[in-house]
Enquirer: 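One structure, as structure tokens, below. Some questions next.
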Amino acid sequence: MNQVDLQDPPTGLEFEFHTLLTPGAINFLVELTCTFDQDVDKILWHRSARKVQLDMTNSYPNYSSENSHIRNDLSWKVSPVPRRLLNRHVDIGDTAPCHTERFHRALLSSAQGIQVDFDDGNCPTYFNQIKGIFNIYQVVYNKVPGIPPLSKAPVLMLRPRAWNMVEHNMLINGREIPGPLFDYGLLMYHAGRQLYESESGPFFYLSKVESFLEARLWNKIFVWTEEKLKLPLGSIKATVLIESVLASFEMEEILYELKDHSAGLNCGIWDYAASFVNKFGHRLEFLLPDRSKYVNMEKRFLKSYMDLLIQTCHRRGALATGGMAALLLPEHRESEQYHSVMATVTRLKLFEIKAGVDGFMVYDVDLVAPMQKLFQEHTEGPNQLHVIPDVCVSQSDLLTMPAGGVTLHGLKYNIAVGIQFIEAWLKD
């Protein structure tokens with residue numbers, strides 16, 4: 001008999017708590033966790049061992065010779081995605097569902113999808129996780145006045161926490177449950193079948209994946225869930241966020257492991273650039289220059305990463321999506337600042353469209369329509385699967401840092417961004 005210790009409901013969320021954490025849901029979480037918690041441990045141990053190996057040998061990541069047979073086999077492709085994922089032009093990113101007003105505004109938009117975020121766009125307090133999952137539950141069962149049914153709303157691209165996060169408020173046999181299993185388990189138990197029957201899911205974003213072994217684990221979890229909930233194999237689809245430099249050398253293998261469940265890969269700029277600091281921050285050759293001046297998708301290491309991701313995905317029949325435009329449009333549409341922000345976002349996103357991406361994210365809901373128009377003006381059809389960049393991306397292409405200076409202004413700017421991010425979490 002497994003021992004379950006569950007914290008009392010967050011104050012003010014007693015009804016939401018008891019709606020979600022029913023005996024059946026708790027039992028589902030227990031089975032899910034007990035089946036995979038040792039695999040999660042191995043993933044985290046593998047991450048640590050990989051970092052130690054890179055540090056001790058002063059070596060660099062590269063394409064694995066052991067997996068060359070997967071990369072060289074041109075016969076395999078990922079399974080086709082459902083109808084509602086064929087067009088991924090514009091998703092609204094970093095939408096924490098605990099912020100009810102923003103979540104509902106996104107649902108009323110014309111966006112193709114919403115990145116429903118339980119990861120770093122959301123402060124993962126017990127209150128926020130319960131409220132966010134309950135808000136999704138309400139939408140899935142059409143209980144929110146004025147919000148369209150699932151079939152008419154943007155698709156929900158659910159993003160559980162990354163593997164390094166735990167849920168402190170639920171213990172199974174004395175151990176905290178992995179954060180992503182708590183989020184994913186409750187979402188699938190309560191919403192999985194409803195999403196599937198409405199042809200609107202279940203669809204996921206997978207954060208901070210560092211290797212094909214982690215993709216393999218997610219695939220095992222998806223298969224287990226489909227069997228438990230009696231869903232057809234391949235019902236669950238997931239877009240993997242390539243946010244680690246280590247994962248950029250294993251993109252084919254990641255798609256291969258998830259080929260029955262893949263909704264493609266996503267490339268962004270800031271989490272990916274930050275992974276260089278995380279993995280190689282102590283090495284002088286990986287010192288990044290001022291990010292506001294010298295770090296953008298036009299630089300060699302980021303352009304190579306984007307081209308490789310698009311090429312990899314499209315050769316395998318998978319969708320390739322770009323990162324998020326985080327800028328906010330000022331209120332006054334006639335202001336110089338408004339036109340400046342719009343021009344900057346348009347230039348950067350047009351660069352990605354011309355590279356061959358099938359879609360990208362915006363944070364500001366008001367950017368959805370102009371970015372959809374940009375796709376319509378410069379592409380034909382719902383996606384660009386036919387665009388396969390003619391590139392051969394080498395190890396040095398992915399690891400060569402851009403030239404440029406490190407200034408006191410840049411240092412202060414980076415510190416300010418870090419402090420503001422932490423402040424936003426603590427205030428949430």
Side-chain angles (χ1 to χ4, degrees), residues 36-37 39-52 54 61 91 93-96 115-124 128-129 132 157-168 176-185 187 203-222 236-251 253-255 257-258 261-281 302 305-306 309 312-313 320-324 326 361 398 417-418 421-422 425:
F36 294 107
D37 59 348
D39 293 310
V40 176
D41 286 343
K42 289 177 184 176
I43 287 298
L44 298 175
W45 293 336
H46 180 267
R47 285 186 179 185
S48 298
R50 182 76 170 114
K51 178 71 165 70
V52 169
L54 289 168
D91 281 2
D94 282 10
T95 305
Q115 184 191 65
V116 185
D117 197 6
F118 292 94
D119 196 49
D120 54 17
N122 162 72
C123 182
N128 286 349
Q129 300 306 100
M157 301 295 298
L158 307 167
R159 179 159 83 148
R161 282 171 280 186
W163 286 124
N164 60 304
M165 304 290 282
V166 296
E167 179 49 63
H168 302 292
E176 294 165 324
I177 181 173
L181 295 187
F182 181 85
D183 303 337
Y184 168 86
L187 288 165
F203 305 141
F204 289 90
Y205 272 114
L206 303 180
S207 293
K208 313 296 186 291
V209 170
E210 293 193 6
S211 79
F212 74 95
L213 296 173
E214 299 182 25
R216 180 180 293 171
L217 173 55
W218 271 116
N219 194 71
K220 287 167 62 178
I221 291 169
F222 293 158
I236 300 169
K237 299 293 182 183
T239 297
V240 175
L241 299 155
I242 303 297
E243 299 172 289
S244 168
V245 58
L246 303 184
S248 67
F249 290 95
E250 300 185 14
M251 289 193 278
E253 294 94 319
I254 288 169
L255 282 180
E257 295 294 341
L258 283 162
H261 295 101
S262 180
L265 304 178
N266 173 272
C267 63
I269 177 170
W270 297 120
D271 284 299
Y272 184 76
S275 77
F276 283 81
V277 179
N278 177 264
K279 302 302 179 186
F280 312 116
L302 291 173
Y305 147 69
M306 179 171 65
L309 186 144
T312 300
C313 285
T321 50
M324 184 174 71
M361 287 179 274
L398 291 171
V417 169
F421 194 95
I422 294 168
W425 263 39

Enquirer: What are the two closest heavy atoms between I242 and Y305, and how far apart are they?
Expert: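 In terms of heavy atoms, the two residues are closest at O-OH, 2.7 Å.
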Enquirer: Just verifying a value: how many Å separate F249 CZ and S211 OG, rounded to the nearest 0.5 Å?
Expert: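 Here the interatomic distance stands at 14.0 Å.
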Enquirer: Hey, is the main chain of D94 close enough, under 3.5 Å, to the side chain of Q115 for a donor-acceptor pair?
Expert: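 Here the side-chain-to-backbone pair exists.
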Enquirer: Please determine which of Y184, F204, F212 meets the ring-ring contact (aromatic ring centres under 6.0 Å, His included) test together with W218.
Expert: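 Testing each of Y184, F204, F212 against W218, the sole residue satisfying ring-ring contact (aromatic ring centres under 6.0 Å, His included) is Y184.
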Enquirer: Might you work through the side chain to side chain contact (heavy atoms under 4.5 Å, CB included) test for N219 and L258, ending with a clear yes or no?
Expert: CA-CA 6 Å; N219 194 71; L258 283 162; 3.9 Å; yes
Enquirer: In Å and rounded to the nearest 0.5 Å, what is the CD to CD distance from E257 to E214?
Expert: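 Reported to 0.5 Å precision, the distance equals 11.5 Å.
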Enquirer: How long is the gap from NE2 on H46 to CG on L213, to the nearest 0.5 Å?
Expert: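 One finds 5.0 Å between NE2 of H46 and CG of L213.
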Enquirer: Identify, with sequence neighbours excluded, every residue that meets salt bridge (Lys or Arg N to Asp or Glu O under 4.0 Å) alongside K51.
Expert: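 By the salt bridge (Lys or Arg N to Asp or Glu O under 4.0 Å) rule, K51 matches D55.
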Enquirer: Using a 4.5 Å cut-off on heavy atoms from C-beta on, say whether the side chain of L398 contacts that of V245.
Expert: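 Side chain of V245 against side chain of L398, heavy atoms only: no contact under 4.5 Å found.
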Enquirer: If you take all heavy atoms of C313 and A320, which pair is closest and at what distance?
Expert: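 Answer, listing the atom of C313 first, then A320: CB-CB, 3.8 Å.
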Enquirer: Hey, what do you get for CZ (R216) to CD1 (I254), rounding to the nearest 0.5 Å?
Expert: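 That separation rounds to 11.5 Å.
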Enquirer: For side chain to side chain contact (heavy atoms under 4.5 Å, CB included), just list the numbers for D39 and I221, CA-CA rounded to whole Å, side-chain angles, deciding distance to a tenth of an Å, and then say yes or no.
Expert: CA-CA 10 Å; D39 293 310; I221 291 169; over 6 Å; no
Enquirer: State whether the side chain of N266 and the backbone N or O of G322 hold a donor-acceptor pair below 3.5 Å, judged by distance alone.
Expert: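 Such a contact is found between N266 side chain and G322 backbone.
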Enquirer: Would you mind telling me which of R161, R159, Q129 makes a side-chain contact (heavy atoms from CB on, under 4.5 Å) with N122?
Expert: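 Of the listed residues R161, R159, Q129, the side-chain contact (heavy atoms from CB on, under 4.5 Å) partner of N122 is Q129.
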Enquirer: Sequence neighbours left out, what pairs pass side chain to side chain donor-acceptor pair (under 3.5 Å) with at least one residue falling in residues 268-278?
Expert: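 Every pair satisfying side chain to side chain donor-acceptor pair (under 3.5 Å) with a residue in residues 268-278: S248-Y272.
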Enquirer: Apply the test side chain to side chain contact (heavy atoms under 4.5 Å, CB included) to residues R47 and W163: give CA-CA distance (whole Å), side-chain angles for both, the deciding distance (0.1 Å), then the verdict.
Expert: CA-CA 11 Å; R47 285 186 179 185; W163 286 124; 4.0 Å; yes
Enquirer: Given side chain to side chain contact (heavy atoms under 4.5 Å, CB included), test L265 with V240 step by step and report yes or no.
Expert: CA-CA 5 Å; L265 304 178; V240 175; 3.7 Å; yes
Enquirer: Which pair of non-hydrogen atoms, one from N128 and one from C123, has the smallest distance, and what is that distance?
Expert: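 Closest approach of N128 to C123, heavy atoms only: ND2-O, 2.8 Å.
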Enquirer: Please report the interatomic distance OH(Y205) to CG(L158), rounded to the nearest 0.5 Å.
Expert: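 CG of L158 is found 11.0 Å from OH of Y205.
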Enquirer: Provide the closest heavy-atom pair for G93 versus M361 in the form atom of the first, atom of the second, distance.
Expert: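 Smallest interatomic distance, heavy atoms only, reads CA-SD, 3.8 Å.
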Enquirer: CD of E176 to CZ of F182: how many Å apart, nearest 0.5 Å?
Expert: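 It comes to 12.5 Å.
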Enquirer: Tell me which one of L241, L302, L309 satisfies side-chain contact (heavy atoms from CB on, under 4.5 Å) with C267.
Expert: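 One option only clears the test, and that one is L309.
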Enquirer: Over all heavy atoms of both residues, which pair between V209 and S244 is shortest? Give the atoms and the distance, please.
Expert: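 Between these two residues, the closest heavy atoms are O-CB, 4.0 Å.
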Enquirer: Can you list the residues that meet the salt bridge (Lys or Arg N to Asp or Glu O under 4.0 Å) rule with K208, with sequence neighbours excluded?
Expert: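 K208 satisfies salt bridge (Lys or Arg N to Asp or Glu O under 4.0 Å) with D119, D120, E243 once adjacent residues are dropped.
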Enquirer: For a quick test of reading the model, state the closest non-hydrogen atom pair linking L54 to P61 and the distance between them.
Expert: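 Looking at all heavy atoms of both residues, the shortest contact is CD2-N, 4.1 Å.
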